[in-house]
Amino acid sequence: MSEQACAMLCGAFLRLVVVLGVACVVGGTSSNRTECIAAYLARPEFRGITLLPGCPAFVAATRIDNVRAEVVPAAVVIPCTVLDVQLALEAARACHSPFSALSGGHSAAGYGLSVDGLVLALRPAVPGAPSACRPGGEAGFGLPHPEPPTVGGGFATVGPLNRQTGILRVGAGARFSEVYAAVNGTGWVPVGGGCPQVGVAGFILGGGWSFLSRSYGLACDKLTAAELVLANGTALRLEKSNAATMPQPQAEVWWALCGGGGGNFGVATAFELQLVRPVEPMLVGELCWAPFSGAAHQLFALWLERWATMPRWLDVDPVWLSLGPNSSRLFCLTIACNESPGACASAVAPFRAVPNITLNTLKTQPFLTWQMANVNATDAQTGALYLKSGVLLPGALTLDIVDGLQAALQAAPSTRNLVLFHVGGGAIADLPSNATAFPHRGAQLIIQVKAIWAGDEPSVSNANIAWVESVFATLAPVLSGAYVNYIDAQLRDWQTAYYDRNYARLQNVKANVDPDNVFRFHQSIELPTPFP
């Protein structure tokens, strides 16, 4: 069925939902919940788009970066206004439907999708979807425009940027690829995701560890304002400049938004970010060696020796990975040096001196030029993935552990399986662990172990999952938590692992703003117990 025909039939479905319950629905029949959601949103004040199972755009709208976690919702709602968000929440309540908000689609556990529920997709221009937000739309369904879909409408808008102050407004449906492109050449740079396809909302709400974080802090530390819709439909704007004087319940929501994880307290619709001005051009890129030589041991020895005195303007992230689906694995150091050429040359010289470099992309260039060229080597790219993460405090990582990781990678069932590290210290550690909801300020490293593979053959999937579990079993004794942005559906005691001593406070915020637990999923913040 063509998209034009599908849209027209879906529009007819919304107008005649009681009579015509078969249009654009998988198998030619519609679930009661799908009918209920469609009927509830078939009102003139709703300006968004409702996608139903069976429409080609529905499939595109529910595609995420992990085919293992893809599920089929009852309906996808793409809002164009805050009122649309409020109406979608009302529809979920009225239809007794699970509810989730979907932004970048990078949640490894797929928590942006809800099985047989209402998914509020904050990206109004998904591939194959009607091209998006405009006034009207018959029966609330945005019929397709003749022009191709575009990014930048509704809640995926990037801008405006105040070029004097560096404050950028970003819709919660935007991805960092769009943000980077919008500000490229201005001299202003966001503390953003290393993978350009990561969604802005989830990244910030989970803390946001960046290649620039040692220089400037986490992404949530650069949040200056947030707009969200609470479970009761209240639209709220919170500003960092007023955090000390705003009413206590609102001040607590602000605190929770800075690292408390996405999808817990409301639907974020927009953010304002304080961008930064790094050195331009910057020495940034990769130095890579053969993965299973003695280079990794030697380089980690250098890294561990230097970390305590490493200047905050230097970020050196170790990683074993393949640079693409058909590439061989390498051991690399990703380096971003936010200082003068002379200082940077001296700082990276010991690493450059390790012989037998097989790939060298390290050069002086604008940071965003390098960032936008990132090949997304750590994305599943239509494949399946399984991951775990951990927090390593100073002294936890040893060379014996490094050697064990290298041996495990040598035996990995997929050539795309990887181990990467994010480096702590610097500006990340300037704040105490309870200053924001993100608790792991004292980490030396965040480690991610990820398996990526193609196909759905059970034996292949089981082998890769078992490999991740085996690696983490050896790491468990030295880990001190986990990173919520690398969310892991199988993690035990995730409350402590993600949030440490901040969890009880997050529960109290939940009780104040979502007492009916509307925003819930497998690892959402729980209501405190006992709770009235």
Side-chain angles (χ1 to χ4, degrees), residues 176 180 189-196 198 203 207-222 275-288 296 299-300 302-321 330-352 354 359-374 377-378 389 391-394 397 418-431 438 440-448 483 485-486:
F176 275 106
Y180 295 151
V189 175
V191 177
C195 297
V198 166
F203 184 78
W209 210 288
S210 166
F211 291 116
L212 296 176
S213 286
R214 281 179 52 82
S215 289
Y216 301 108
L218 300 175
C220 68
D221 300 335
K222 298 303 174 185
L275 306 193
V276 298
R277 283 191 179 276
V279 168
E280 292 286 10
M282 180 188 293
L283 183 67
V284 60
E286 295 82 16
L287 298 174
C288 302
L299 288 157
F300 265 105
L302 285 169
W303 191 97
L304 289 168
E305 178 185 308
R306 284 163 170 74
W307 178 79
T309 58
M310 190 179 292
R312 64 176 55 206
W313 41 260
L314 179 63
D315 185 88
V316 181
D317 289 5
V319 57
W320 282 276
L321 85 168
L330 297 168
F331 175 78
C332 301
L333 298 178
T334 300
I335 296 172
C337 189
N338 189 23
E339 239 316 329
S340 66
C344 289
S346 176
V348 305
F351 302 109
R352 270 181 160 158
V354 175
L359 178 68
N360 182 357
T361 67
L362 186 65
K363 63 181 180 180
T364 301
Q365 58 187 312
F367 177 79
L368 287 181
T369 298
W370 170 79
Q371 183 65 88
M372 290 190 294
N374 192 311
T378 61
S389 73
V391 175
L392 291 158
L393 296 177
L397 183 68
L418 60 91
V419 175
L420 64 79
F421 296 86
H422 299 300
V423 180
I428 300 166
D430 285 348
L431 297 177
F438 185 89
H440 303 303
R441 301 280 181 170
Q444 182 184 44
L445 292 157
I446 301 290
I447 184 173
Q448 181 197 97
Y483 181 27
N485 275 356
Y486 294 149

query: Is there a donor-acceptor contact under 3.5 Å from the side chain of T361 to the main chain of E286?
result: yes

- prompt: With H440, which residues qualify under side-chain contact (heavy atoms from CB on, under 4.5 Å), at least two apart?
  reply: V391, F438

message: Checking Q444 against L304 for the side chain to side chain contact (heavy atoms under 4.5 Å, CB included) test, could you report, in this order, the C-alpha distance in whole Å, the side-chain angles of both residues, the deciding distance, and whether it holds?
response: CA-CA 10 Å; Q444 182 184 44; L304 289 168; 4.2 Å; yes

Any side-chain heavy-atom pair of M282 and V189 under 4.5 Å: no

- prompt: Looking at the rings of W303 and F421, which for Trp means the six-membered one, are their centres under 6.0 Å apart?
  reply: no

- request: Say whether, by atom type as modelled, one donor and one acceptor occur between the side chain of Q371 and the main chain of P196 under 3.5 angstrom.
  value: no

C344 to E339 - nearest heavy-atom pair and separation: SG-O, 3.5 Å

G285 to L362 - nearest heavy-atom pair and separation: N-CD1, 3.5 Å

- request: Answer yes or no: is there an ion pair linking D317 with R214, defined by an N-O contact shorter than 4.0 Å?
  value: no

- request: Show your working on side chain to side chain contact (heavy atoms under 4.5 Å, CB included) between C288 and F331 and close with a plain yes or no.
  value: CA-CA 5 Å; C288 302; F331 175 78; over 6 Å; no

Which residues share a salt bridge (Lys or Arg N to Asp or Glu O under 4.0 Å) with D315, sequence neighbours left out: none

query: Do L397 and F300 come within less than 4.5 Å of each other through their side chains, counting heavy atoms only?
result: yes

- request: Apply the test side chain to side chain contact (heavy atoms under 4.5 Å, CB included) to residues F367 and L212: give CA-CA distance (whole Å), side-chain angles for both, the deciding distance (0.1 Å), then the verdict.
  value: CA-CA 10 Å; F367 177 79; L212 296 176; 3.8 Å; yes

message: To check you understand the geometry: which heavy-atom pair defines the closest contact between P281 and P366, and what is its length?
response: CB-N, 3.9 Å

task: Answer yes or no: is there a side-chain heavy-atom contact under 4.5 Å between C332 and L321?
output: yes

field: Identified side chain to side chain contact (heavy atoms under 4.5 Å, CB included) counterpart of Q448 within the set L418, V419, N485
entry: L418

task: For Y486 and I446, indicate whether the former's side chain and the latter's backbone hold a donor-acceptor pair under 3.5 Å.
output: no

field: side chain to side chain contact (heavy atoms under 4.5 Å, CB included) partner of L283, chosen from L314, N338, T364
entry: T364

field: Minimal non-hydrogen separation, Y180 against P190, with atom names
entry: CE2-CG, 3.5 Å

query: When rounded to the nearest 0.5 angstrom, what distance separates SG in C220 from CH2 in W209?
result: 10.5 Å

query: How many angstroms lie between CG in L333 and CZ in R352, if you round to the nearest 0.5 Å?
result: 11.5 Å

- line: All heavy atoms of A427 vs all of G217, minimum pair found to be CB-N, 3.3 Å

query: Checking side chain to side chain contact (heavy atoms under 4.5 Å, CB included) for the pair L299/F351: CA distance, chi angles, key distance, verdict?
result: CA-CA 7 Å; L299 288 157; F351 302 109; 4.1 Å; yes

- prompt: Less than 4.5 Å apart, any side-chain heavy atom of L218 and any of V191?
  reply: no

field: Residue pair Y216 / P278: nearest heavy atoms and the distance that separates them
entry: OH-CA, 3.2 Å

